[in-house]
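Data first, discussion second: the structure below is written as structure tokens.
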Amino acid sequence: MRVLCNALSSCAKTLNWNLGIRIHAYMIHSGYEDNLFLSSALVDFYAKCGAIADASKVFSGMKTHDQVSWTSLIAGFSMNGQGRDALLLFKEMLDTQVKPNCFTYSSVISACVEQKEALEQCSTLHAHVIKRGFKNNKFVISSLLDCYAKCRQIDDAVLLFDETSEKDTILYNSLISGYSQNLYSEDALKLFVEMRKKDLRPTDHTLSSILNACGSLTVLLQGRQLHSLVIKMGSERNVFVTSALIDMYSKGGDIDEARRVLDLTAEKNSVLWTSMIMGYAQCGRGSEALELFDHLLTEQGFIPDHVCFTAVLTACNHAGFLDKGVEYFNKMRTHYGLSPDQDQYGCLIDLYARNGNLRKAKDLMEEMPYNANRVIWSSFLSFCKIHGEVELGREAANQLIKMDPHNAVPYITLAHIYARNGLWTEAAEVRSLMQRRRLRKPAGWSWIEVDKHVHVFGVGDVAHSQSNEIYAELEKIYLGMIFHIGVPMATARLLELASKKREGNRLIFEVHQPLIVANEMLIDGG
DNA sequence: CGACCTAAAC
């Protein structure tokens, strides 16, 4: 019996489906079917193999359930993306005599993320955990911290981290990824440095999170150091790490290095391809993005998903390929049976608006089966500004103000639109409304409009002026940034885009205030 | 017999 139990456990770990089902057959044949331990192991096996229906069937066929069988199925739902079912099953468990233990809590807390009332569920479970005395279990703490971070409650995550006396690698990983996901990238870097000082060995999880942070910050210098660490650790084989590397190099402006990483990867998956296409799209090399995509379709039998189409359509946007964009959008449904979601509609709307066809863009917003979100309205508003469209601009600005009354940007843009069209009274009204609501531009930030295709959101207060002066200002600001953040590539790329006045390019470049850790070596001997 | 942290998006 013990042998069977261990064998099933191994099958679960190695996803050995064929052996697992043979053991199940043998169990039925030899009358072990009612054994609690074996049945629990079986639930775990089916759940881990993704056969959640079979796991449920075994579970409901059991005469009694213990902590392990409950937990195995709860964890099974959670890891198969059915968090809702995991929570429901947990509630069912609470009505029985079997008490959840720390295994149950770490599973059910992980299931909370991406649920509707995630934060509420998570806090409730946190209270349970304290009451039942599991708050020192490192698995429970990590899942709680992760859940808080994913609910954007980074302060709660940090509190949990600080309260924990024995911090292990996984706890560091949880907070580093939390910082990175919430765009506290610099804090992620700092924590990584601290982790290394404590001689905690990074894992593949650490690397993918920290590379992600480097991507957000566009710090190539640090990214390259980490790349050498990746190679030293042999982590190039991990697709999570590889994808973070490709993304980091793309965001940092070294798209050719991103391509080299991709080419050197033996087993490429759709995330890697999509990252690469998006990389080309974002740096303005739209044709190369489409070339790669078309090559994948014809030569590799590649089946694109929604995200991939977002990347392809983004490439069309940035390169100004209106007809091609519409063609790909239609192909989604006709060739691949994918119904476009909000993001692909967003791209198409963006594409029309960019081309000055604001009416068509607006019609699409009304036709599509989704409510336009903040992203879509913001992009639409900025094109109303570029094309001097007052009525639609006003509507867009009002929508955005309704969604987020404390964001100053739509007010400022609307005032610009009015002023450009000589509507001075209306412009003054918007400004006084802003004053009444005590809204101002975030300190140290301002919009710089380079020409009608290139916008830069940068540091420094630059007065509105003509193109040449703006280039000079840009250079001053961004050369300063090169010094601060040590990322010549992204900056050079930005200046190149700006000075070439490429048609159809719109670039929003966000950079934070000078980095504290930017010039510190992240790894020894890197 | 079971549990925590990692990837692509206008």
Side-chain angles (χ1 to χ4, degrees), chain A residues 2 4-6 8-9 12 35-45 47-48 66-76 78-79 101-110 134 137-147 149 168-178 180-181 203-212 215 235 238-247 250 269-279 281-282 305-311 313-314 317-318 341-351 353-354 373-380 382 506 508:
Chain A
R2 199 173 195 99
L4 284 181
C5 231
N6 287 336
L8 266 178
S9 169
N35 182 285
L36 181 62
F37 281 19
L38 279 177
S39 300
S40 299
L42 205 52
V43 173
D44 183 52
F45 161 74
K48 284 219 173 67
D66 63 354
Q67 290 178 322
V68 177
S69 43
W70 279 105
T71 303
S72 297
L73 193 57
I74 290 170
S78 173
M79 72 181 87
N101 59 13
C102 47
F103 287 83
T104 324
Y105 279 109
S106 52
S107 302
V108 76
I109 291 166
S110 307
F134 297 127
N137 179 285
K138 58 183 184 172
F139 290 85
V140 173
I141 300 169
S142 310
S143 45
L144 271 172
L145 195 157
D146 182 59
C147 191
D168 64 355
T169 304
I170 292 181
L171 193 70
Y172 268 91
N173 286 354
S174 307
L175 189 56
I176 288 173
S177 85
S180 163
Q181 285 158 358
T203 65
D204 291 350
H205 290 75
T206 327
L207 291 175
S208 55
S209 301
I210 203 68
L211 282 167
N212 202 313
S235 297
N238 181 303
V239 280
F240 288 85
V241 173
T242 313
S243 112
L245 269 176
I246 291 173
D247 195 54
S250 302
N269 68 13
S270 67
V271 174
L272 298 188
W273 293 121
T274 303
S275 301
M276 195 64 231
I277 293 171
M278 188 54 88
Q282 284 170 334
D305 64 4
H306 283 88
V307 184
C308 189
F309 271 103
T310 307
L313 292 169
T314 303
N317 285 359
H318 287 237
D341 68 25
Q342 195 162 224
D343 293 325
Q344 290 86 49
Y345 272 106
C347 288
L348 196 65
I349 291 162
D350 189 277
L351 199 48
R354 187 183 299 269
N373 59 17
R374 206 181 53 81
V375 173
I376 293 175
W377 280 118
S378 314
S379 133
F380 185 74
S382 71
R506 177 170 161 267
I508 294 173

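Letters go in sequence order (proteins before strands), and every chain restarts at 1. Given the structure is predicted, the values throughout are model-derived calculations rather than measurements.
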Between [N] atom [atom2] and [X] atom [atom1], what is the distance in whole Å?
X: I376(A); N: dC10(B); atom1: CD1; atom2: C1'; result: 8 Å
X: D341(A); N: dA9(B); atom1: CG; atom2: C1'; result: 9 Å
X: F134(A); N: dG2(B); atom1: CZ; atom2: P; result: 18 Å
X: R354(A); N: dC10(B); atom1: CZ; atom2: C1'; result: 8 Å
X: L73(A); N: dG2(B); atom1: CG; atom2: P; result: 15 Å
X: N101(A); N: dG2(B); atom1: CG; atom2: C1'; result: 8 Å

Contact under 4.0 Å: N373(A) side-chain N or O vs dC10(B) OP1/OP2:
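Indeed not, no polar side-chain atom of N373(A) lies that close.
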Side chain to side chain contact (heavy atoms under 4.5 Å, CB included) with T169(A): which residues, sequence neighbours excluded?
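Only N173(A), M195(A), L200(A), T203(A) meet the side chain to side chain contact (heavy atoms under 4.5 Å, CB included) criterion with T169(A).
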With Y172(A), which residues qualify under ring pair (Phe, Tyr, Trp, His ring centres under 6.0 Å), at least two apart?
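Ring pair (Phe, Tyr, Trp, His ring centres under 6.0 Å) list for Y172(A), sorted by chain: F161(A).
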With sequence neighbours excluded, residues passing ring pair (Phe, Tyr, Trp, His ring centres under 6.0 Å) with F139(A):
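By the ring pair (Phe, Tyr, Trp, His ring centres under 6.0 Å) rule, F139(A) matches no residue at all.
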Of V307(A), T314(A), I246(A), which meets side chain to side chain contact (heavy atoms under 4.5 Å, CB included) against M278(A)?
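Between M278(A) and the candidates, side chain to side chain contact (heavy atoms under 4.5 Å, CB included) is satisfied uniquely by T314(A).
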Taking protein heavy atoms under 4.0 Å as touching, what does nucleotides 3-8 of chain B look like 5' to 3' if B marks base contact, S marks sugar-phosphate-only contact and - marks none?
BBBBBB
Checking all strands, does Q67(A) fall into the base, sugar-phosphate, or nothing category for heavy-atom contacts under 4.0 angstrom?
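Base: the residue Q67(A), judged by heavy atoms under 4.0 Å, touches a nucleobase.
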Which residues pass the side-chain hydrogen bond (donor to acceptor under 3.5 Å, both in side chains) test with Q67(A), sequence neighbours left out?
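Once residues adjacent in sequence are excluded, the partners of Q67(A) under the side-chain hydrogen bond (donor to acceptor under 3.5 Å, both in side chains) criterion are N101(A).
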Taking side-chain hydrogen bond (donor to acceptor under 3.5 Å, both in side chains) as the definition, give me every residue that meets it alongside D146(A), ordered by chain and number, with sequence neighbours left out.
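For D146(A) the side-chain hydrogen bond (donor to acceptor under 3.5 Å, both in side chains) partners, ignoring immediate neighbours, are K150(A).
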